[in-house]
There are 4 protein chains.
Amino acid sequence: MSRTERKRGRRVEQILAVAAELFGERGYDAVSLEDVAERLDVTKGSLYYYFAGKDELATAAIETLGSDWTGRLEAMAASAPGSAGERLRALIRAHVAIAVREYPAALRLFLVPRTWPDALRARITEMRRRHDQVFRTLLAEGLESGEFAVVATGTTLQAMHAAMSQAPLWCAGLAEDEQERAFDELADTLMKLVSPGVGSAR
Amino acid sequence: MSRTERKRGRRVEQILAVAAELFGERGYDAVSLEDVAERLDVTKGSLYYYFAGKDELATAAIETLGSDWTGRLEAMAASAPGSAGERLRALIRAHVAIAVREYPAALRLFLVPRTWPDALRARITEMRRRHDQVFRTLLAEGLESGEFAVVATGTTLQAMHAAMSQAPLWCAGLAEDEQERAFDELADTLMKLVSPGVGSAR
Amino acid sequence: MSRTERKRGRRVEQILAVAAELFGERGYDAVSLEDVAERLDVTKGSLYYYFAGKDELATAAIETLGSDWTGRLEAMAASAPGSAGERLRALIRAHVAIAVREYPAALRLFLVPRTWPDALRARITEMRRRHDQVFRTLLAEGLESGEFAVVATGTTLQAMHAAMSQAPLWCAGLAEDEQERAFDELADTLMKLVSPGVGSAR
Amino acid sequence: MSRTERKRGRRVEQILAVAAELFGERGYDAVSLEDVAERLDVTKGSLYYYFAGKDELATAAIETLGSDWTGRLEAMAASAPGSAGERLRALIRAHVAIAVREYPAALRLFLVPRTWPDALRARITEMRRRHDQVFRTLLAEGLESGEFAVVATGTTLQAMHAAMSQAPLWCAGLAEDEQERAFDELADTLMKLVSPGVGSAR
DNA sequence: CATGAATGAGGCTTCATTCAT
DNA sequence: CATGAATGAAGCCTCATTCAT
């Protein structure tokens with residue numbers, strides 16, 4: 001890889017970092033290329049040297065965003081000590097914290113797919129799958145050891161993700177310490193989904 | 001009420017039905033007045049005869065949608081027999097079924113807060129509150145009788161709603177009977193949130 | 001003239017009165033047919049039963065406005081006692097008072113002609129001519145008796161009209177009594193245009 | 001200032017020249033951005049590269065126009081020889097000549113106050129004030145030396161400006177030499193406003 | 001006569017995209 | 001590589017006008 005290519009690579013990363021941040025904050029429609037360019041002290045047109053268009057930039061940005069996000073969760077899952085339950089709870093808290101603080105509009109980002117080209121959609125799906133895998137693995141571990149019990153693995157994961165990614169909506173106006181408490185409550189609440197014990201309240 | 005007024009009322013309802021469907025499918029930004037008008041075989045400008053603008057149309061559409069939805073759940077909650085648990089489970093199933101079958105993407109409608117005028121936001125919030133109340137009441141009943149136990153009422157409701165309203169995303173391609181099973185699984189899963197027993201898996 | 005025709009005539013007059021008021025207040029562009037209709041408690045469409053379109057309505061309204069205005073000045077010119085100078089001064093004051101208080105945007109109204117059909121333009125011109133005549137007659141009288149002296153009759157009248165019709169612009173925010181003083185000052189100032197004495201300050 | 005900036009500056013000037021002409025000819029409401037763009041052989045949207053919107057463009061156009069105009073009058077007032085009367089008369093002639101020949105309908109530009117944002121209105125007011133100042137200064141000089149006499153300074157200036165800026169309306173169709181005569185007559189007529197002697201003809 | 005409804009043209013504005021330099 | 005400039009499509013909105021009832 002030549003020096004030029006590395007340089008280009010770095011530039012691309014810079015752009016993606018900024019784009020991920022903006023898209024994550026405001027969602028696809030509310031971010032214009034002008035916004036991205038301005039934050040980079042660059043002209044709109046320059047972005048086209050690196051990306052074919054807004055969709056491609058957005059997809060790449062989502063991938064960056066997801067990669068960063070997943071990467072941090074993976075690292076935490078791998079390194080965290082404690083029982084499966086302790087680690088899962090930590091994972092949930094971390095996920096929610098990232099969602100609320102860094103990518104409050106990530107949910108919005110995943111709800112535009114109807115208009116997106118299939119190719120991009122596939123990559124987004126793949127990215128979500130990888131993200132999901134972190135939780136799935138930990139869940140499987142706890143299930144195998146008997147520490148967890150669920151009604152159905154897939155459904156449980158879906159419900160967890162739904163709650164975690166919507167958290168920014170209701171944590172929007174909270175103060176720092178109120179948010180911390182909200183995270184705790186949400187984590188504790190979601191842990192009930194995997195709790196053995198009486199099962200569901202039916 | 002004169003015949004003319006009834007006629008106008010019916011027209012408004014037609015428009016709202018179409019608008020609710022479209023906004024529910026694609027979200028606020030991705031629906032243009034042109035889209036709504038076309039679906040009604042009418043010109044864009046005509047919509048302004050009934051609504052002052054896009055915001056007002058969208059709000060009315062949401063209100064219509066939410067009112068119908070909430071009304072049905074309220075009726076069910078009032079009439080359903082059985083324990084609090086049985087009724088809550090039925091409510092969850094009904095909610096999800098409506099979401100998936102009739103308003104497959106209502107979720108998108110709630111994700112535009114950044115752009116909406118305060119007045120409209122207030123009405124949407126009020127609508128959500130009323131919707132929430134149905135579940136909250138039932139939950140309170142079960143908690144009082146000791147049939148339920150939760151970490152925190154608000155958080156539990158938020159998590160439930162999140163999972164229920166995102167259901168359409170992952171139930172999209174399922175066959176009729178697969179959907180039924182998915183509803184059951186989701187209901188059972190969410191019931192764990194209110195289950196007494198060991199509490200969270202911490 | 002049948003009863004029906006008289007009734008229609010009265011309706012037309014009502015409409016014109018309202019239209020003259022509105023156009024005189026805000027100018028041509030800033031008044032919509034909706035505005036006129038609303039003030040009459042009538043539907044937009046109904047206006048088309050009496051007038052072929054906005055232009056025709058506006059022209060007729062201008063004529064009404066001008067007729068009313070000119071009529072009052074004519075009456076005053078005919079009945080007022082005193083020297084030509086005293087009567088001219090009274091006329092100026094009356095003109096300005098009407099302009100400022102009742103038709104503050106009349107000036108605006110006369111500045112749209114570029115877009116108007118020739119037929120309408122002719123009528124407006126004719127109307128202005130008649131309006132002008134009141135002043136011209138009085139001026140001629142004073143000139144003949146030697147009470148007045150002007151550089152050139154036409155130019156003097158133009159200058160007077162210009163100053164009188166622009167008065168609303170600078171009298172806009174004044175209080176009642178300040179306006180009265182402004183009227184006096186303007187009248188006195190303009191009377192210098194017809195003063196004999198040293199002629200111009202050249 | 002870089003070459004690029006100079007180029008942009010020139011483009012802005014081109015646009016402003018065209019805009020000033022059009023707005024001056026027809027008034028604010030009767031000119032669309034499409035009109036301006038077409039005259040520049042450019043698309044509507046391109047104008048937004050230079051101006052934030054119609055209001056800003058119009059204000060800048062007025063400012064350009066007024067600045068040029070005032071500048072020339074200031075220069076003339078400063079350099080012209082002769083008594084205050086001679087200089088004032090020259091100033092009036094120059095003002096009218098510019099109005100009629102170069103900005104034949106600038107008057108229209110000043111007649112949109114109802115619709116304009118406060119900020120822009122303030123700048124227009126300021127511009128008019130500066131314009132006014134040229135005449136006011138000269139008038140004050142003549143008053144102090146006893147060469148002039150007026151009823152009221154402000155009113156006199158208003159009347160003068162009104163007559164001068166409406167001149168294009170009645171000088172529209174005149175031939176070159178007729179215009180010259182009209183300018184003379186108007187100047188002589190307006191000079192009566194500052195003439196000592198018998199005062200007003202009351 | 002009057003209304004309610006609809007239309008269509010036009011206006012302002014935004015923005016992804018292109019391209020010569 | 002990057003920029004400045006321009007484009008064109010699309011969006012929201014207003015309003016004069018038409019017309020069946």
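Within every chain, numbering begins at 1; the chains are lettered A, B, ... in the order of the sequence lines, protein sequences first and strands thereafter.
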May I have the distance from [X] (atom [atom1]) to [N] (atom [atom2]), rounded to whole angstrom?
X       : N      : atom1 : atom2 : result
C:Leu47 : F:dC19 : CG    : P     : 17 Å
A:Phe51 : E:dA16 : CZ    : P     : 15 Å
D:Lys7  : F:dT3  : NZ    : P     : 16 Å
A:Glu56 : E:dA16 : CD    : C1'   : 14 Å
C:Tyr50 : F:dT17 : OH    : P     : 18 Å
C:Leu22 : F:dA16 : CG    : P     : 12 Å
D:Arg10 : F:dA5  : CZ    : C1'   : 14 Å
D:Leu33 : F:dC12 : CG    : C1'   : 15 Å

Per [X] side chain, nearest of listed nucleotides [options]:
X       : options               : value
B:Tyr49 : E:dA5, F:dC13, E:dT7  : E:dA5
A:Arg11 : F:dC12, E:dT17, F:dA2 : F:dA2
C:Thr43 : E:dC12, E:dT3, E:dC1  : E:dT3
D:Lys54 : E:dC12, F:dA6, E:dT17 : E:dC12

Would C:Arg8 count as a cation-pi partner of C:Tyr49, with NZ or CZ less than 6.0 Å from the six-membered ring centre and within 45° of the ring normal?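 C:Arg8 over C:Tyr49 ring: yes.
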
So what's [N] paired with, Watson-Crick or G-U wobble, going by both distances under 3.5 Å?
N      : value
E:dC1  : none
E:dA6  : F:dT17
E:dG11 : F:dC12

Quick one: on DNA chain E, does C:Asp41 or A:Val31 contact a more 5' nucleotide (nearest heavy atom)?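 Result of the comparison: C:Asp41.
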
For [X], answer base if it contacts any base atom (sugar-phosphate contacts may also be present), sugar-phosphate if it contacts only those atoms, and nothing otherwise; contact means non-hydrogen atoms under 4.0 Å.
X       : result
D:Val36 : nothing
D:Ser2  : nothing
D:Ser46 : base
D:Ser32 : sugar-phosphate
C:Gly53 : sugar-phosphate

Check against salt bridge (charged side-chain N to carboxylate O under 4.0 Å, His left out), D:Arg39 and D:Glu25: CA-CA 14 Å; D:Arg39 197 104 130 202; D:Glu25 272 172 20; 3.8 Å; yes

Closer to the 5' end of DNA chain F via nearest nucleotide, is it D:Lys44 or C:Gly45?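 Looking at the nearest nucleotide for each, D:Lys44 comes out on the 5' side.
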
Check this one for me: any side-chain N or O of B:Arg8 less than 4.0 Å away from OP1 or OP2 of E:dA5?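 Yes, because at least one side-chain N or O of B:Arg8 sits under 4.0 Å from OP1 or OP2 of E:dA5.
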
For a quick test of reading the model: is some side-chain N or O of D:Tyr48 closer than 4.0 Å to OP1 or OP2 of F:dA6?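 The answer is no; no side-chain N or O of D:Tyr48 sits under 4.0 Å from OP1 or OP2.
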
Given C:Asp35, C:Leu33, C:Val36, the one that forms side chain to side chain contact (heavy atoms under 4.5 Å, CB included) with C:Lys44: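 Testing each of C:Asp35, C:Leu33, C:Val36 against C:Lys44, the sole residue satisfying side chain to side chain contact (heavy atoms under 4.5 Å, CB included) is C:Leu33.
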
Are the side chains of D:Phe51 and D:Ile15 in touch, meaning some heavy atoms are under 4.5 Å apart?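 Yes, their side chains come closer than 4.5 Å.
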
Would you please say whether a donor-acceptor pair under 3.5 Å links the side chains of C:Asp29 and D:Tyr28?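 Note: C:Asp29 and D:Tyr28 side chains miss the donor-acceptor criterion.
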
Under 3.5 Å, side chain of C:Lys7 to main-chain N/O of C:Ser2, donor-acceptor pair present?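 No.
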
